[in-house]
Amino acid sequence: YHQALLVKNGDSDLFQQQLIQALENNPYHFPARMKLVNSLKGHGADAQARSWARQGISLPLPAGPYWQEMLLPYTQ
């Protein structure tokens, strides 16, 4: 996650790859999930953003109300 933040203003593909890696290590890392969803949406990858948001809402241990509220608009 921290590596992704270092490249945030540079290569968006590397930024997204680092965030995906962070989520593979910990699917409950909601700040990383939100940054990834926002980045994908900002680069026109709406279907991918929607998929990552839906995954965050449907984890076995549900996201708290704050994160559900943040992710919900991206699931539609």
Side-chain angles (χ1 to χ4, degrees):
Y1 176 72
H2 290 97
Q3 290 173 334
L5 295 179
L6 293 173
V7 297
K8 181 178 179 182
N9 294 324
D11 183 354
S12 63
D13 289 336
L14 180 59
F15 177 62
Q16 292 169 1
Q17 289 171 4
Q18 293 291 329
L19 291 170
I20 289 169
Q21 184 177 8
L23 290 169
E24 287 172 351
N25 291 333
N26 178 5
Y28 294 94
H29 195 311
F30 288 102
R33 188 172 298 278
M34 282 306 304
K35 288 188 185 308
L36 176 61
V37 168
N38 284 321
S39 178
L40 290 167
K41 184 88 170 160
H43 287 91
D46 294 351
Q48 287 178 306
R50 192 169 33 257
S51 175
W52 281 101
R54 286 178 179 166
Q55 288 174 28
I57 288 178
S58 63
L59 289 168
L61 180 62
Y66 172 79
W67 290 112
Q68 286 188 19
E69 184 179 326
M70 295 295 289
L71 289 168
L72 190 60
Y74 294 99
T75 63
Q76 303 167 5

Judged by atom type as modelled, is there a donor-acceptor pair below 3.5 Å linking the side chain of Arg33 to the main-chain atoms of Trp52?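 It does hold such a pair.
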
Determine whether a donor-acceptor pair (N or O, by modelled atom type, separation under 3.5 Å) exists between the side chain of Tyr74 and the backbone of Lys41.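 No: the side chain of Tyr74 does not pair with the backbone of Lys41.
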
Would you compute the distance between atom CG of Leu36 and atom CD1 of Ile20 and round it to the nearest 0.5 angstrom?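 Going from CG on Leu36 over to CD1 on Ile20, the span is 5.0 Å.
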
To the nearest 0.5 Å, how far apart are CG in Leu19 and NZ in Lys35?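 Taking CG in Leu19 and NZ in Lys35, the distance rounds to 8.0 Å.
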
Looking only at heavy atoms, what is the nearest atom pair of [X] and [Y], with distance?
X	Y	answer
Gly56	Ala63	O-CB, 4.1 Å
Thr75	Leu72	OG1-O, 2.7 Å
Val37	Ala53	CG2-N, 3.9 Å
His29	Leu23	O-CD2, 3.4 Å

All pairs passing side-chain hydrogen bond (donor to acceptor under 3.5 Å, both in side chains) where residues 56-69 contributes a residue, at least two apart: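 For residues 56-69: none.
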
Should His43 and Gln16 count as side-chain neighbours, where that means a heavy-atom distance under 4.5 Å?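 Side chain of His43 against side chain of Gln16, heavy atoms only: contact under 4.5 Å found.
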
